[in-house]
Every structure is written in C-alpha cells, then in structure tokens.
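Every chain is numbered from 1, with letters handed out A, B, ... down the list of sequences. Values in this document were obtained by computation on a predicted structure and should not be read as measured data.
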2 protein chains.
Amino acid sequence: MNNNVNSLYVLSAMNRSGYRTTTTRRKIIDAIFSLGNSFTVDDLIQNLPDLGRATIFRNVKVLKDLQIICQVFLDNGQSVYQLDFELNLESHHHHLICSKCKCIQEFNSKELESLLQSVSEAMSFEINTHRLELYGHCSSCKASEPVEVSVSDR
Amino acid sequence: MNNNVNSLYVLSAMNRSGYRTTTTRRKIIDAIFSLGNSFTVDDLIQNLPDLGRATIFRNVKVLKDLQIICQVFLDNGQSVYQLDFELNLESHHHHLICSKCKCIQEFNSKELESLLQSVSEAMSFEINTHRLELYGHCSSCKASEPVEVSVSDR
DNA sequence: ATTGATGCAAAGCTTTTGCATGTTG
DNA sequence: CAACATGCAAAAGCTTTGCATCAAT
C-alpha cells in the first residue's frame, strides 16, 4: 500500500489551505487510511488512544471542511466518514452502503441528476444539493448470505 | 382544520397497536398537527412545557415505530420528523426540503426507482432501502429570494 | 386490580469549549 | 517568537433509563 504517499498528499493539501503539518495530523490521516473504506470519529479515538478526543474532533472537522473526507449518514442517523478524494476529486456522487460490512461504494449517474432536476422543476423547487444513500448488501455480503431469520422486537 | 379528526385517527391507530389512549398522547399528537409540515422533538418540548421530555421522546419513538411519522435528516445531520400518513399511507417516497422555511414536500417517481435498481444491479449491490433528500428552496421562498450575498467563514 | 404511561432526576453519549502548555514556521 | 495546535477537564447538548406515582382498561 502507498498510504504513506496518500497521507503526505493530504497533509500538503491541508498545508496549502493554511493548516500546519503536525505529527498528530499525520497520525490521524494515517489512521483514516488504515481504516479503509469508512470510519467513525469513534474508530479514530479507539485507534489513536494517545491523542485527545478534542483534537480528533477538531481535525475531522477540518478535513470535512476541506472536503477531503465526506460525511455519510447511515440508516439509523449515525454518521460515518469516508475519504472523498479517491474516486472523485471534484465530482458529486452517491453512496451504496452495505448494512452488513459497512463498506461504502460510490456511484453517480447523469441520468439520475437530470431526473431529479425535472422532478424538482415539476414541483417548482430549486435544488441546491441533494443526498442519496442506498442501503443494502454488497456483492460479497450478498454471497455469504445466511438463511433468512426474522426476529420481532417489541 | 380538521386536526381533531386527524388526532383521533392517530390515537386509534396507536390503540389498535396496543398503546393506550391517554391525554398526554392526545396533546402530543395535536401539537404535531399544529406544527404542520415538519417538527423536531425540541419543537414539541417547547410547545408542550407541561409534559416531561422523556414522555415526548418515548412517544415520538412509538409514532416512528408505527410509521405514523418518519424521520428526515437535514443537510447538517439534524433530524426532523414529519407526518407520514397524509400523502402516502403505504408508499415509499422522498423529500424536497426547503433550507429556508424548513417545509418538506414529498414526491416519488417510478422512473427514479427503476433507475436506482439498474444502478445497483450494475454494481451487484442488493438494495434494501434508500434515502433521497433534496435540499433547496421551495417555490414561495424562491420567490422572496433576496439578492445573493456571499459570506466567507473561516 | 393489573398493566401500561408519565414525570422527575440522574445517567449516558457524543461533541464542543476554555485555557494552559507545547510545536510549527 | 508569534501564531497555531494540542490535551485535559469541564461544559453543553441531546437522548435514555430507573423508579415511584398515576391512569387506563
């Protein structure tokens, strides 16, 4: 893996935006890369026990502001973050979120965008942004699907 | 307005699911109708100062479980609730959320659903559910739009 | 009467803030 | 050395829980 290179890239991007390059930031960014596809702030806190929580929160906020990571909301409202510059440096996109392994795939679709545009025009609504999240099972989890068991709660 | 009738309808739906009909519930449901299009738990707390917060949280949860209200996530991750049975007793739908007046319109589209289906098939992803939220300005807020001012923060 | 519902206060979580100290440029 | 970053602890929100009391069936 060339996560080292990636970390350096992120650090320099932050630097260009006026943020200093610190060991702590390096550790946080390394951790984000090592966590792979998606992560929560708590993942970072767990993986970086020697850093203060406040620092982690502050840096996650910076990374989000710089659009280096993006925030994705899970089905239950919980939010996870994801590196936003691997697949798309500039482009708008959506997420396919696996409810089982929590992996996140991205996609975008011109068709979709124009469809949304026409829907909103029909309702004379002016879209600024939108968020679309698909929840389900990714290909590998789908393959290892056990027999369905239904549990009623309450 | 026939919100009275609506409240009674909700109460009886709850009753059918085994929840007792209480004055407190009646007050909460009335408040939801009077708040109109969408509301937060805090709106309810503000509007019902004589009820305990815990009770309000518990009942919102019940209403959500019974799918009488649905939870919508705003741009910033904050969640608001909305009556889910006015426009659609059964049908899946999406939201157009006005960032200015916070009103929420609903829509659905067969085209959209089939488009999503084909996207996910292309990525061999199995969709269970999805959430789509459009943020922008509704027709009335769009009309009263002031001249644009850009403010940089940070 | 029995079981569910409520209110209060306390506890839990997650995130933010103030401030003294350490580091970077 | 000036400005920024960090760590700690405290504070701030928001939501849940335990428990005694109250109300509905």
A.B. asks: Write down the distance between CZ (Arg26(B)) and P (dA5(C)), rounded to a whole number of angstrom.
C.D. replies: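 For the pair Arg26(B) CZ and dA5(C) P, the rounded distance is 18 Å.
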A.B. asks: In whole Å, what is the span from the CZ atom of Phe57(B) to the P atom of dT15(D)?
C.D. replies: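 These atoms are roughly 4 Å apart.
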A.B. asks: Starting at CG of Leu44(A) and ending at P of dT6(D), how long is that distance when rounded to a whole Å?
C.D. replies: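 Nearest whole value for this atom pair: 13 Å.
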A.B. asks: Rounded off to whole Å, could you give me the CD-to-P distance for the Gln78(A) and dC13(C) pair?
C.D. replies: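 So the CD-P distance, Gln78(A) to dC13(C), works out to 14 Å.
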A.B. asks: For a quick check under 3.5 Å, do Thr40(A) and Asp43(A) share a side-chain donor-acceptor pair by atom type?
C.D. replies: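 Asp43(A) and Thr40(A) do have a side-chain donor-acceptor pair below 3.5 Å.
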A.B. asks: To the nearest 0.5 Å, tell me how far Phe33(A) CZ sits from Asn6(A) CG.
C.D. replies: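 Reported to 0.5 Å precision, the distance equals 4.0 Å.
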A.B. asks: Sort out for me which residue in Glu113(A), Gln105(A), Glu133(A) forms a side-chain hydrogen bond (donor to acceptor under 3.5 Å, both in side chains) with His94(A).
C.D. replies: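 Exactly one option meets the side-chain hydrogen bond (donor to acceptor under 3.5 Å, both in side chains) with His94(A), and it is Glu113(A).
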A.B. asks: Given His93(A) and His95(A), is the side chain to side chain contact (heavy atoms under 4.5 Å, CB included) satisfied, shown in steps?
C.D. replies: CA-CA 7 Å; His93(A) 64 279; His95(A) 299 110; 3.3 Å; yes
A.B. asks: Under a 3.5 Å threshold, yes or no: a donor from one side chain and an acceptor from the other, between Arg26(B) and Thr22(B)?
C.D. replies: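 No, no side-chain donor-acceptor contact under 3.5 Å.
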A.B. asks: Evaluate the side-chain proximity of Ile69(A) to Gln82(A): yes if any heavy-atom separation is below 4.5 Å, no if none is.
C.D. replies: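 Of all side-chain heavy-atom pairs linking Ile69(A) with Gln82(A), none is under 4.5 Å.
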A.B. asks: Supply the atom-to-atom distance Met123(A) CE to Leu134(B) CG, rounded to the nearest 0.5 angstrom.
C.D. replies: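 Reported to 0.5 Å precision, the distance equals 9.5 Å.
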A.B. asks: How many whole angstroms separate atom CG of Leu63(B) from atom P of dA5(C)?
C.D. replies: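 About 12 Å, once rounded to whole Å.
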A.B. asks: Could you tell me whether the side chains of Thr21(A) and Arg25(A) share a donor-acceptor contact shorter than 3.5 Å?
C.D. replies: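 Note: Thr21(A) and Arg25(A) side chains miss the donor-acceptor criterion.
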A.B. asks: Rounded at 0.5 Å granularity, tell me how far CD in Gln46(A) sits from CG in Asp42(A).
C.D. replies: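 Spacing of CD (Gln46(A)) from CG (Asp42(A)) equals 4.5 Å.
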A.B. asks: Extract from the structure each pairing of a protein N or O with an N or O of nucleotides 7-10 of chain C at less than 3.5 Å, listing the distance.
C.D. replies:
| from | atom 1 | to | atom 2 | distance (Å) |
| --- | --- | --- | --- | --- |
| dG7(C) | OP2 | Gly52(B) | N | 3.2 |
| dG7(C) | OP2 | Thr55(B) | OG1 | 2.8 |
| dG7(C) | N7 | Arg58(B) | NH2 | 2.9 |
| dG7(C) | O6 | Arg58(B) | NH2 | 3.3 |

A.B. asks: Quick one: Tyr19(B) OH to dT6(C) C1', roughly how many Å, whole number?
C.D. replies: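 The distance from OH of Tyr19(B) to C1' of dT6(C) comes to 15 Å, rounded to the nearest Å.
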A.B. asks: Rounded to whole angstrom units, what separation is found between the CG atom of Leu11(B) and the C1' atom of dA5(C)?
C.D. replies: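 That distance rounds to 14 Å.
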A.B. asks: Between the protein and nucleotides 21-24 of chain D, list every N/O to N/O distance that falls short of 3.5 Å.
C.D. replies:
| from | atom 1 | to | atom 2 | distance (Å) |
| --- | --- | --- | --- | --- |
| dA24(D) | N3 | Arg20(B) | NH1 | 3.2 |

A.B. asks: Does a nitrogen or oxygen in the side chain of Asn15(A) sit under 4.0 Å from OP1 or OP2 of dT24(C)?
C.D. replies: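 Asn15(A) to dT24(C) OP1/OP2: no side-chain N or O under 4.0 Å.
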A.B. asks: What's Asp42(A) touching, base or sugar-phosphate or nothing? Going by heavy atoms closer than 4.0 Å.
C.D. replies: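 The residue Asp42(A) makes no contact with any strand.
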A.B. asks: Just the rounded figure in Å: distance from C1' of dT25(D) to CZ of Arg16(B).
C.D. replies: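 It is 18 Å, rounded to the nearest whole Å.
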